[in-house]
Amino acid sequence: MGELGAFLKIDRQGSAQRDPRERARDYREFVTPLPDAELRAQGARCMDCGVPFCHNGCPLGNLIPDWNDLVYRDRWKEAIVQLHATNNFPDFTGRACPAPCEAACVMEIREGEAVTIKQIEQAIVDRAWKEGWIAPQPPSLETGRSVAVIGSGPAGLAAAQQLRRAGHRVVLFERDEAPGGLLRFGIPDFKIEKTVVQRRVQQLLDEGVELRCGVDVGRDLAAVDLLREFDATIIATGSRIPRDLPVDGRNVRGIHFAMDYLYQRNRWVAARQGPEPAIPAPSCASEITAAAKNVVVIGGGDTGADCVGNALREGAASITQLELLPQPPPHRPDERTPWPMWPDKFRLSYAMQEAQELGRGEQDYSIATTRFVGLDGAVSALRFSRAEPTAPFAPIPGTEHELHADLVLLAMGFLHTEPHLLNELCVERGPRGNVRTISPYTASREGVFVAGDARRGQSLIVWAINEGRQCARVVDRYLTGTGYQRPVRTGNLEPADEGPEGPPGHANYGITARK
């Protein structure tokens, strides 16, 4: 693979980014592509590993060395074929995935030397769209069977596409005004522009997937009617119940869940730069704005960073991001997360980089919020203490402080799937509140299946796409009477059908249209 010894001669070149001071004034993507010549050089660094650990680091099992080599040899059209063999939406993962494949790269044994897999992946798919190599793939034969997919996030979109290409009728139900789930309403445009999402949605429509937006199954449409109309139903609604912070003063105005704020900002951007939703966006009962306010974001993950980025672009006076956990070390701690595991190390988010460059942001770790202070019914400050470094991260007596806040955004993760649909469908829930499966991707009710965060809990976009693909395979077996055959274990890892513990299947395990 690649050029013999290139990893010794060519330095890693990470993703190029627009200047933080410039990009914080707009909503365009801030990562810029490398020139083709540089991408080929980066592809040349991919070694002929005896065991390419990047395969197992990627939940989709992407054929990474193969398309790295094809880019190095300037065979881009073949590269997109290899990329699509395992990944329906590399334009999503190339932008929004944290790249566990790079953490597992053999080159990453020397920290910071991994092949730039994510950058090459995005370049391949963007080149393919530009050259017109990506086209709808409608089935050549209709099976006469039908599937309802509830939820149009990456898991739902992947399942719908796989099943439609297998010849089944697929109807995708989305309660919001446009498909994409958190890809459209959670992740900001400056990370993934919504035209990128829309062109994939259009591909599904051109392949024959039916889309029904503004339909909340279980409320607008009775689940029993859905089960009666379709031969199979997939739950792909995500895990959307947010984690709350039940401390004194929580009920004052100005404290919101992060996703409520991000939904409003993404709708605001869509109204100004498109694309237009399938149906009109709902009116907003009360506006959440960070303009000219002192904003506190509680939660140090990606959702919190997206709140920081949006608040900065709105013109917040100051932004403080607080995290309960201790600050990670600057380098990979081998005693905790040795290679090829995802390293638990400090990473300055794109958003905090922008906020610090503009002198309007700071972040702190080991912070336990103990109380919200209200003035005239609205939040005016929060009180906090230093937190102990280990669970349960209790406040340390004698370390109390107060921080001014006009707006507080809670970005502390998600607990489980919203229960009303699960109750309506009469499916069992597991101990964490998500859908319980009795066999791979199969819920406790006949003909009902589950994929993505609704099954495994809040996770990465790359896991969601993998779950959608694997669930589609199980549904196809159910519809065609093939049934589930427990695969023979042939190695030291569980087979793909066993779920998230096992490696995902590759191209030869996928669903293909019947002749």
Side-chain angles (χ1 to χ4, degrees), residues 88-89 92 136-139 142-186 194-195 197-238 240 263 266-267 270 274-283 417-418 420-425 427 435 443 445 447-454 464-465 467-468 471-472 475-476 479:
N88 296 63
F89 312 120
F92 300 168
Q137 300 177 38
E142 299 289 344
T143 66
R145 311 307 295 273
S146 61
V147 184
V149 180
I150 308 172
S152 67
L157 291 174
Q161 185 165 66
Q162 292 293 95
L163 287 163
R164 178 59 195 147
R165 288 178 176 179
H168 307 298
R169 174 184 173 234
V170 179
V171 180
L172 193 58
F173 292 90
E174 172 55 56
R175 68 181 179 185
D176 291 319
E177 68 271 21
L182 296 190
L183 274 172
R184 189 180 289 264
F185 295 105
K194 299 310 174 278
T195 52
V197 179
Q198 189 58 38
R199 68 188 179 190
R200 283 296 185 181
V201 172
Q202 188 60 50
Q203 183 189 31
L204 265 69
L205 295 175
D206 293 340
E207 290 174 350
V209 173
E210 302 173 40
L211 176 62
R212 299 181 189 176
C213 289
V215 179
D216 189 352
V217 177
R219 292 196 172 109
D220 303 324
L221 174 65
V224 65
D225 294 336
L226 198 72
L227 297 176
R228 190 179 298 118
E229 179 182 352
F230 294 91
D231 298 309
T233 299
I234 297 176
I235 303 169
T237 54
R240 298 288 291 275
Y263 256 70
N266 276 289
R267 283 171 170 153
E276 292 186 8
I279 61 175
S283 58
T417 304
E418 294 173 344
H420 78 273
L421 174 63
L422 309 189
N423 294 337
E424 183 84 7
L425 288 170
V427 295
V435 180
R445 182 165 185 171
V448 179
F449 302 84
V450 60
D453 293 354
I465 296 172
E467 292 251 329
C471 180
V475 172
D476 181 67
L479 295 175

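Just so you know, these numbers use all the heavy atoms, side chains as well, and skip hydrogens, waters and symmetry mates.
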The salt bridge (Lys or Arg N to Asp or Glu O under 4.0 Å) partners of Glu207 (sequence neighbours excluded) come to Arg165
Quiz item: Using the ring of each side chain (for Trp, its six-membered ring), is Phe185 parallel, tilted or perpendicular to Tyr263, with breaks at 30° and 60°?
Solution: parallel
*For residues Arg175 and Thr237, determine if any side-chain heavy atom of one lies less than 4.5 Å from a side-chain heavy atom of the other.*
no
*asked:* Does any part of the side chain of Arg169, heavy atoms only, come nearer than 4.5 Å to the side chain of Glu210, both counted from C-beta?
replied: yes
For this session: Could you check Ile150 against Leu226 for side-chain contact (heavy atoms from CB on, under 4.5 Å), going step by step and ending with a plain yes or no?
Result: CA-CA 10 Å; Ile150 308 172; Leu226 198 72; 3.5 Å; yes
On a heavy-atom basis, the closest approach of Asp476 and Ala166 is OD1-CB, 3.9 Å
- Below 4.5 Å, heavy atoms only, C-beta onward: do Leu157 and Arg200 meet side chain to side chain? no
Closest heavy-atom pair, Ala159 versus Ile234, reported as atoms and distance to 0.1 Å, is CB-CD1, 4.0 Å
For Ala232 and Val475, the nearest pair of non-hydrogen atoms, with its separation, is CB-CG1, 4.0 Å
Here the gap from Cys213 atom SG to Glu177 atom CD, rounded to the nearest 0.5 Å, amounts to 8.0 Å
Open item on the list: I'd like to know whether CD of Gln202 has more than 12 heavy-atom contacts from other residues, nucleotides or ligands below 6.0 angstrom.
Closed with: yes
One should read off an interatomic distance between Leu204 CG and Phe89 CZ, to the nearest 0.5 angstrom, of 5.5 Å
- Intermediate values then yes/no, side-chain contact (heavy atoms from CB on, under 4.5 Å), Asp453 and Thr417: CA-CA 8 Å; Asp453 293 354; Thr417 304; over 6 Å; no
Looking only at heavy atoms, the pair that brings Val197 and Gly180 closest together is CG1-CA, 4.3 Å
Value for CD (Gln162) from CD1 (Ile465), rounded to nearest 0.5 Å, stands at 11.0 Å
Student check: side-chain heavy atoms of Asp176 and Arg184 closer than 4.5 Å: no
Of Leu425, Val217, Asp216, the one forming a side chain to side chain contact (heavy atoms under 4.5 Å, CB included) with His420 is Asp216
Note: Ala223 and Glu424 closest approach over all heavy atoms is CB-CG, 3.1 Å
*Is any side-chain heavy atom of Ser146 less than 4.5 Å from a side-chain heavy atom of Val171?*
no
Heavy-atom side-chain contact between Leu227 and Arg445 under 4.5 Å: yes
To the nearest 0.5 Å, atom SG of Cys471 lies from atom CD1 of Ile235 at 9.5 Å
| message | Quick one, Val427 and Phe449 - any side-chain contact, counting heavy atoms below 4.5 Å? | response | no
So salt bridge (charged side-chain N to carboxylate O under 4.0 Å, His left out) across residues 142-156, not counting sequence neighbours, yields Glu142-Arg164, Arg145-Asp231
Is any side-chain heavy atom of Leu479 less than 4.5 Å from a side-chain heavy atom of Thr143? no
Shortest non-hydrogen pair, Ala464 vs Pro154, comes out as CB-CG, 3.8 Å
